[in-house]
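Inspection log for the structure reproduced underneath, given as structure tokens.
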Amino acid sequence: MTDGLPPWLPEGRIFIAQLASGIIDYHQQVSTAGPFRLPYPANLQAALDKLTLLAWHQDVPAPSGVVELLQWAEVPFGDWKVSFVDVDVDPDEALLSYGRPTATCEELGSLRGDVEGEVRENALIASVMDKTRAANMPESYVAFRRLLIEQPSITALDLDEQLARPTLAVVAAQVREAYVEAPLEAITDGVVRTCGGCHGLRLPLDDARTWTCVDAGCPDPHTPGPDFAAAEGVWWLRRELRTFVVAPGRAELRIATAIGTMGVEVRLWPDFDACDLSVFESLPWAVDVKAWRSPVRLAQRLRQRPFRPPAGADRAYIVIAKEQVKAQPRYIERLRAACPELRPGQPVVAVSEQDFLQAVSRRKEGQA
Ligand SMILES: [Zn+2]
């Protein structure tokens, strides 16, 4: 992949992953620790050094520093003066939008495998799994996942009420850890605005008059949800949980509901998350639902960490949520091309949400 290029030249793929990680680190610092203080995150500085080498090699101007690098990150890759070979990004994708990391940025950052956010997400989920397993309360694990997906923003009072439920009390400490206070930028005139589509927060754009849902996969970003009084306390799910739990979670709940309506047995996150969905009582089908924006990056992740269906599963599927299939032409074909292990006939097959529901329906008809 680097044939004919000097060995000191950084690989585009590594540069972009490092830049994405650096941006996530930087955003984490500025949004939680108050005014930013130097030094910049190590990944951001290292990405700037790599980009400078790449620009120099291509004889185009490099960013003058981290501040300019962050401005570049707002620009779609197709408009960059520096070009890259062998990178898993589309020309219309950017890393930042209005100063906030995009879903593209999250996906690229997570592929490095050492991102703080992913480690924290995994540690939190693992700790909920330990607690609920020790208490022999699989229903508590399911209630935890549901709460995060259905209420990514929540008032302090509502959260207290939720935690008083016996199923959630056992993981109260973990639930509180999953949420952070709504950021100052979300509060205007004492009010925090929510989104009716995803139940997350709406944040102001640069002009401070337009409010927008920041969830790239929101099913209905233009319908406002209720306003919360900031003084009463408003909590917002941590960013990494919104990306890797809520986004696929919406599809998981929707698919489970559709299957339940068919009169077919379906379980969400069975046996403490052995898979996302288990469908049919006997000879069950095991499902892993994915909501990644890019099929190529998802393929990379699935090669790093393949889906291992639970023992006893008759068939196993990677199901791609309909939002992603709709947003990217030929999503399934591109995913299977980049990850041949997911083609029909293999032990785990990648399919669209729609095709999966049809397969369930056909099996149900066949049994009837
Ligand atoms: Zn929304």
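Remember, it's 1-based here, ligands and their atoms both numbered in the order they're listed.
Annotation: protein N, O or S atoms under 2.8 Å of the Zn ion (ligand 1) (waters excluded) comprise Cys195 SG, Cys198 SG, Cys213 SG, Cys218 SG.
Here the options are Arg250, Arg254, Arg293, the test is salt bridge (charged side-chain N to carboxylate O under 4.0 Å, His left out), and the partner is Glu323; only Arg254 passes.
Note on ring orientation: taking the six-membered ring where Trp is involved, the planes of Tyr317 and Trp285 are tilted (angle from 30° to 60°). Using cut-offs of 30° and 60° on the angle between ring planes, the pair Trp80 and Trp72 is perpendicular. Tyr26 and Tyr40 have tilted rings, their planes meeting at an angle from 30° to 60° on a 0 to 90° scale.
For the pair Arg297 and Trp292, the cation-pi test (distance below 6.0 Å, angle within 45°) is failed.
Salt bridge status for Arg176 with Asp160: present, with a side-chain N to carboxylate O gap under 4.0 Å.
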